[in-house]
2 protein chains.
Amino acid sequence: MTLTDISRFRRLSRAVTTQTGALDHSFLGLGRPLGTARVLNAIGHGKNDVGALRDYLGLDSGLMSRLLRGLEGEGLIETGPSQTDARRKVAQLTKAGQAAFEQYETLSDQSAKGVLSRYSNTEHLLQAMDLVATVLGRDQIEILIADPDDLRIQTCVQAYCDELSEILGVTFDRQTSGDPEAESLRTPKGVFLLAMSDGLPIGCCALKGQSDGMGEVKRMWVSPSARGLGLAKQLMFQIEDHARSLGMTRLRLDTNGKLTAALSLYRNDGWQDIPRYNDNPYAEFFFEKRLGSASSIG
Amino acid sequence: MTLTDISRFRRLSRAVTTQTGALDHSFLGLGRPLGTARVLNAIGHGKNDVGALRDYLGLDSGLMSRLLRGLEGEGLIETGPSQTDARRKVAQLTKAGQAAFEQYETLSDQSAKGVLSRYSNTEHLLQAMDLVATVLGRDQIEILIADPDDLRIQTCVQAYCDELSEILGVTFDRQTSGDPEAESLRTPKGVFLLAMSDGLPIGCCALKGQSDGMGEVKRMWVSPSARGLGLAKQLMFQIEDHARSLGMTRLRLDTNGKLTAALSLYRNDGWQDIPRYNDNPYAEFFFEKRLGSASSIG
DNA sequence: ACACTTATCTGACTTAAGTCAGGTAATATG
DNA sequence: CATATTACCTGACTTAAGTCAGATAAGTGT
């Protein structure tokens with residue numbers, strides 16, 4: 001790590017503080033203090049539970065209470081006890097609150113448009129932004145179990161297919177590659193993991209349940225903007241954990257020789273080369289891993 | 001512009017607010033309020049003039065005064081009247097102030113290192129950060145006149161040569177290409193423009209004075225991180241303005257066919273193809289532009 | 001039913017930040 | 001030289017933000 005690298009990063013940091021400072025400041029243009037505006041926006045974005053709100057915004061419970069009271073006084077929100085636990089409170093936007101929220105949204109969108117229009121190669125810029133945001137927000141990457149039919153999973157799988165088509169130089173057809181039945185990717189047979197970073201799906205990995213304690217790993221994909229962070233390894237680790245808790249003892253997967261990063265991931269992670277076990281025309285390498293026992297899912 | 005583009009940008013914005021919020025917050029770890037810390041850091045970074053400080057940090061004169069008094073009370077700075085104008089004040093770090101400043105610097109460096117170490121392809125990440133920072137900080141790009149021997153100019157010219165070598169596939173030698181005498185690039189004969197974005201040199205362009213109202217444009221270069229912002233056009237516009245005010249009536253330049261962006265810039269900007277006028281072996285295209293009269297340098 | 005925990009509220013604080021109307025000394029201008 | 005103007009200072013304010021110690025009501029475990 002050279003000194004110049006650091007100064008280059010700090011340049012981004014400064015640029016970004018200024019810019020987002022300006023963004024936040026623009027919120028003040030609507031006449032509400034920043035704290036109040038933040039609460040209003042968080043509620044607008046679907047954070048209704050007061051406890052979750054406090055957590056998300058990092059506010060003291062006393063302060064939170066007062067801010068909510070203020071918004072209530074302005075007629076922008078309504079609060080009431082949670083249905084499941086009357087100690088908890090939930091907040092909702094009133095019609096007036098929805099209107100105020102949309103003002104903020106419009107402002108924010110305009111600001112974003114303004115920045116994006118400054119640069120001619122928008123896609124290039126957005127990719128850079130994706131990468132920076134993913135790296136800065138790394139702590140907030142969360143891996144969750146999703147349904148195979150979930151729209152976010154579909155987005156990932158589509159990206160996976162598009163990318164394979166490009167790398168292999170032929171159209172990658174899901175059916176031909178042996179697209180698993182959705183049912184075999186749901187609990188209790190299997191599982192579909194989805195990696196999310198601040199609302200954006202950035203990776204997935206499926207575990208397909210078979211018989212005799214055998215499982216197959218499919219659709220391992222990590223978005224280009226999230227590569228180099230060790231996400232694939234993390235996904236694989238969790239897949240193995242799930243496999244164990246589903247009673248599986250062996251895992252298999254197939255892959256293509258052009259996916260060198262995947263090959264080295266598997267080989268460094270205890271997978272053994274085995275002979276072809278299916279007729280997937282895109283597959284050139286086949287791996288198996290025997291699972292040990294002890295483990296836990298964090 | 002699609003909705004997704006906007007949401008992708010806003011994702012960066014959020015990630016970055018959080019991160020830089022954390023960065024700023026780390027400043028609080030040293031027990032000084034943010035305002036005080038900002039003033040101390042600004043002075044440490046060479047902003048000594050109190051008026052310039054106020055301007056830079058956007059503070060009210062009363063507040064500024066109090067913050068300075070506080071730092072003085074802690075023994076971290078010393079202030080005194082400016083030598084040129086006794087109404088003005090200048091502030092300097094004391095030995096203790098220097099030590100405190102370095103604590104902040106160390107903290108900031110560590111934080112930057114931490115983020116950079118999260119991602120394996122550091123250069124790729126830094127390029128993305130450069131691009132984002134440049135776009136976000138576009139308003140702060142400033143073009144100034146620099147001496148040909150200025151280190152920042154040398155950095156740009158070196159990058160220019162390296163890049164040409166790569167594009168042309170042969171080592172680009174400055175001497176062979178007709179490296180101009182430094183004197184012909186200084187006022188009153190010519191000018192060397194330097195584009196800076198928040199402390200980083202991101203582009204340059206030289207105007208070489210010749211005889212008979214003739215000038216030659218040399219060393220037009222814009223950093224990859226700053227392309228697509230129209231900076232080359234801006235540089236060229238200012239070069240032409242300087243040429244006029246130096247009494248020039250015609251400009252020439254040569255370029256290589258592989259530099260397609262440059263070719264279209266010149267052709268769209270009123271330059272006429274002319275026959276070869278020198279023996280620069282790297283040059284394949286030659287242009288001339290006749291300068292009109294009225295103009296001003298903003 | 002009992003003590004205990006949890007989620008939110010309230011009132012009384014503190015601190016940071018910023019605003020504004022003069023005040024003073026140095027400098028610029030006619 | 002008298003009269004602005006400028007740069008900074010001071011004191012009296014306001015607002016936003018945050019802290020903390022109870023209070024209250026709802027839920028939990030034995």
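Sequence lines set the chain letters: A, B, ... in the order given, protein chains first and strands last, and positions in each chain run from 1.
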message = Using heavy-atom distances to pick each residue's nearest nucleotide on DNA chain D, tell me which of A:Leu67 and A:Thr84 is more 5'.
response = A:Leu67
ask   = With a 3.5 Å cut-off and no angle check, do the side chains of B:Gln234 and B:Gln238 form a donor-acceptor pair?
value = no
ask   = B:Ile77 CD1 to D:dC8 P: how many Å, rounded?
value = 13 Å
task = Classify the nucleic acid contact of A:Arg66 as base, sugar-phosphate or nothing, counting any heavy atom under 4.0 Å across all strands shown.
result = base
task = Using atom CG of B:Asp49 as one end and atom C1' of D:dC8 as the other, report the distance to the nearest whole Å.
result = 11 Å
ask   = Which nucleotide in the set D:dC9, C:dG18, C:dA7 lies at the smallest distance from any side-chain heavy atom of B:Leu59?
value = C:dG18
query = Separation of A:Arg88 atom CZ from C:dA7 atom P, in whole Å?
reply = 5 Å
query = For A:Leu57 and D:dA17, what is the distance between atoms CG and C1' respectively, to the nearest whole Å?
reply = 13 Å
message = Is it the case that the base of C:dT8 and the side chain of A:Arg87 share a donor-acceptor contact (distance under 3.5 Å, atom types as modelled)?
response = no
task = Please check if any side-chain donor atom of A:Arg38 sits under 3.5 Å from a side-chain acceptor atom of A:Tyr104, or the reverse.
result = no
B:Arg69 side-chain proximity, nearest of D:dC9, C:dT6, C:dC9 = D:dC9
message = Both B:Gly62 and A:Leu63 contact DNA chain C. Which one's nearest nucleotide lies toward the 5' end?
response = A:Leu63
ask   = With a 4.0 Å cut-off, would you call B:Asp149 and B:Arg186 a salt bridge?
value = yes
inquiry  = Under 4.0 Å, counting only non-hydrogen atoms across every strand here, what does A:Asp60 touch: a base, just sugar-phosphate, or nothing?
reply    = base
key: Which nucleotide in C:dT27, D:dA26, D:dT10 has an atom nearest any side-chain atom of A:Ala86   = D:dA26
query = Rounded to the nearest Å, what distance is computed from the CG atom of residue A:Asp55 to the P atom of nucleotide C:dA7?
reply = 10 Å
key: Short side-chain N/O contact from A:Lys89 to OP1 or OP2 of D:dA26, under 4.0 Å   = no
remark   = The residue, A:Gln83 or A:Ser61, whose nearest nucleotide of DNA chain D is more 5′ is A:Ser61
ask   = To the nearest angstrom, how far is A:Asp85 atom CG from C:dT6 atom C1'?
value = 8 Å
task = Take the protein atom CG of B:Leu68 and the nucleotide atom P of D:dC8, then report the distance between them rounded to whole Å.
result = 9 Å
task = Work out which heavy atom in B:Ala91 is nearest to a heavy atom in B:Asn48; give both atom names and the distance.
result = O-ND2, 2.6 Å
ask   = Nearest-Å distance, CE (A:Met64) to P (C:dT10)?
value = 14 Å
ask   = Which nucleotide, C:dT8, C:dC9, C:dA26, lies nearest any side-chain atom of A:Arg54?
value = C:dT8
message = For B:Ser197 versus B:Ile141, what's the shortest heavy-atom pair and its separation?
response = CB-CG1, 4.1 Å
